[in-house]
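For reference, the structure discussed in these notes is given below.
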Number of protein chains: 2
Amino acid sequence: MDYIGRLTAHLPTAVRLVMVKADGSVSIHADDRAYKPLNWMSPPCRVEESPGVWRVVNKVGEELRITLDEVIHDSSHDLGVDPGLRKDGVEAHLQELLAADPTVLGEAFTLVRREYPTAIGPVDLLCRDANGRSVAIEVKRRGEIDGVEQLTRYLELLGRDPLLAPVKGVFAAQEIKPQARVLAEDRGIRCVVLDYNTLRGVVKDELTLF
Amino acid sequence: MDYIGRLTAHLPTAVRLVMVKADGSVSIHADDRAYKPLNWMSPPCRVEESPGVWRVVNKVGEELRITLDEVIHDSSHDLGVDPGLRKDGVEAHLQELLAADPTVLGEAFTLVRREYPTAIGPVDLLCRDANGRSVAIEVKRRGEIDGVEQLTRYLELLGRDPLLAPVKGVFAAQEIKPQARVLAEDRGIRCVVLDYNTLRGVVKDELTLF
DNA sequence: CTATAAATGTCGGAG
DNA sequence: CTCCGACGTTTATAG
């Protein structure tokens, strides 16, 4: 197998699994590496078959050349359309739960707006604390340095608005990496670790109470 | 199929491909989505088989529950050990090429060190310009905001070293996103777009000359 | 379509 | 093992 595209790669002869999907994608698997193939071509692409050689090419000129020495097993099946996958528990949901009750962040916050717009993008949550001061909250599933930098940029921008300034920052995530915590705290940003299940329970209980 | 782990997901009954690899990983594919499965469990994990139900669990308690209504096709093959994949053209190689001749960045730079160590990690390249001033160079394949933030942190740290200060910054990548460029230039960091093939040719020619 | 942020990211390397 | 950055990231979403 040879790939010539964004990089150049070569794969020696061996027994492998080749998967061709209805969307046109081709992937070549070894018996390890979880679900990731050794090499692949994403759709849209086209397969040119000649005896013992497959050339898989896409629009931008990337190419996968597969040489077939021996076919050990060949099987084809029609899977039909897929009913689709339902997911739950991602950042959007965390944000929803915090918006429903910002006090779970440990202070008497009241929500001003979710997705509060700024010139460089929306802040997850904008709140006011007990003293009426602005608080910008960045929500992440996993809190890493990127998220702290993102919140820092928002805080800088929001701090220029005389109607909001001064603006405090809160970095809330299910998990906060040590480096991110150090950076955040160095910048005066408070870190809050969220437990999704507890949070869901607490907010649900509260909504049930009223 | 149901997944209970970092998130919760449910997949209705349909015809699908289930792939079980020697490393223990399990993945469930629809006939689209390139090579990414609808659901999966990465190794290390364990499969408990009972009639019509597979429970795939890992150490941290994540679980994949697969209900089998009908087996349309079942096939198992020993692929043996994999000879492995050779790659070329990634960031490491760009860094090598720039280290071999930093002047391709457009100034009379001389290399001080590759992977110059700092408290928060190594700088890709540290050079001196024609006037002996320090230049920190961050190399990326794709230049995005993250990379600018990373270089900014390095510049701040290196700038505290009286033997190096003041330190200029250069952000070099095969492609620089508009936001990243704006942020970099706002911080006085020069941006250089690299062409990998040209660069390879130029550096090779120069090495051949001497 | 481009640009940006999220991802059960995955993967590899260093400590 | 954890942390950290690259990735042919891929994927979804907003503009």
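Just so we're on the same page: letters track the sequence lines, and every chain starts at 1. Every value quoted in this text rests on a predicted model; they were computed, and no experiment measured them.
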Find the distance A/Lys140:NZ to C/dA5:P and express it as a whole number of Å. 8 Å
Is the backbone of A/Arg33 close enough, under 3.5 Å, to the side chain of B/Asp23 for a donor and an acceptor to pair up by distance? yes
Which value, in whole Å, describes the distance between the C1' atoms of nucleotides D/dC7 and C/dA7? 13 Å
So, taking the atom named OH in B/Tyr3 and the one named CE in B/Met41, what distance separates them when rounded to the nearest 0.5 Å? 6.0 Å
Whole Å only: how far is the CG atom of A/Leu94 from the C1' atom of C/dT8? 14 Å
What distance, rounded to whole Å, do you find between the two C1' atoms, one in C/dT10 and one in C/dA6? 14 Å
Residues of residues 177-194 of chain B with a heavy atom under 4.0 Å from any atom of DNA chain C, listed by number, are B/Lys177, B/Pro178, B/Gln179
Taking the P atom in each of C/dC11 and D/dT11, what is the distance between them to the nearest angstrom? 14 Å
Identify, between B/Glu144 and B/Tyr154, the residue whose nearest nucleotide on DNA chain D lies closer to the 5' end. B/Tyr154
Round to a whole Å and report the spacing from CG of A/Asp32 to P of C/dG12. 9 Å
Take the angle between the ring planes of B/Tyr35 and A/Trp40 and call it parallel below 30°, perpendicular above 60°, tilted in between. perpendicular
Euclidean distance for C1', D/dG8 against C/dA14 (whole angstrom): 24 Å
Under the 3.5 angstrom rule, does the side chain of A/Lys168 hit a backbone N or O of A/Val135 as a donor-acceptor pair? no
Of the candidates C/dT8, D/dG5, C/dA6, the side chain of B/Gln150 sits closest to D/dG5
Rounded to whole Å, the CG-C1' distance (A/Asp124 to C/dA6) equals 12 Å
Pick base, sugar-phosphate or nothing for B/Met41, based on heavy-atom distances below 4.0 Å to the nucleic acid. nothing
Could you encode protein contacts along nucleotides 10-15 of chain D as a string, one character per nucleotide from 5' to 3', using B for base contact, S for sugar-phosphate-only contact and - for no contact, with a heavy-atom cut-off of under 4.0 Å? SSS---
Under 3.5 Å, side-chain donor or acceptor atoms of residues 64-71 of chain A against the rest of the protein: list the pairs with distances, not counting sequence neighbours.
unit_1	atom_1	unit_2	atom_2	d
A/Arg65	NE	A/Glu63	OE2	3.2
A/Arg65	NH2	A/Glu63	OE2	3.0

Candidate pair A/Asp82 and B/Arg16, rule salt bridge (charged side-chain N to carboxylate O under 4.0 Å, His left out), full reasoning: CA-CA 9 Å; A/Asp82 193 87; B/Arg16 308 182 193 286; 2.2 Å; yes
Find the distance B/Glu175:CD to D/dA6:P and express it as a whole number of Å. 15 Å
A/Asn58 to A/Pro44 - nearest heavy-atom pair and separation: CB-O, 3.5 Å
Charged N to carboxylate O below 4.0 Å: is that the case for B/Glu115 and B/Arg113? no
Whole-Å gap separating C1' (D/dA6) and CD (B/Glu138): 11 Å
Could you tell me how far apart A/Asp146 (CG) and D/dC3 (P) are, to the nearest whole angstrom? 16 Å
What's B/Asn39 touching, base or sugar-phosphate or nothing? Going by heavy atoms closer than 4.0 Å. base
Round to the nearest Å and state the distance from B/Gln95 atom CD to D/dA6 atom C1'. 12 Å
Nearest-nucleotide check on DNA chain C, B/Pro43 vs A/Arg153; residue mapping nearer the 5' end is A/Arg153
Mind listing the closest non-hydrogen atom pair of A/Pro102 and A/Thr110 along with its distance? CG-C, 4.5 Å
Which atom pair, heavy atoms only, marks the closest approach of A/Ile145 to B/Arg153? CG2-NH1, 3.3 Å
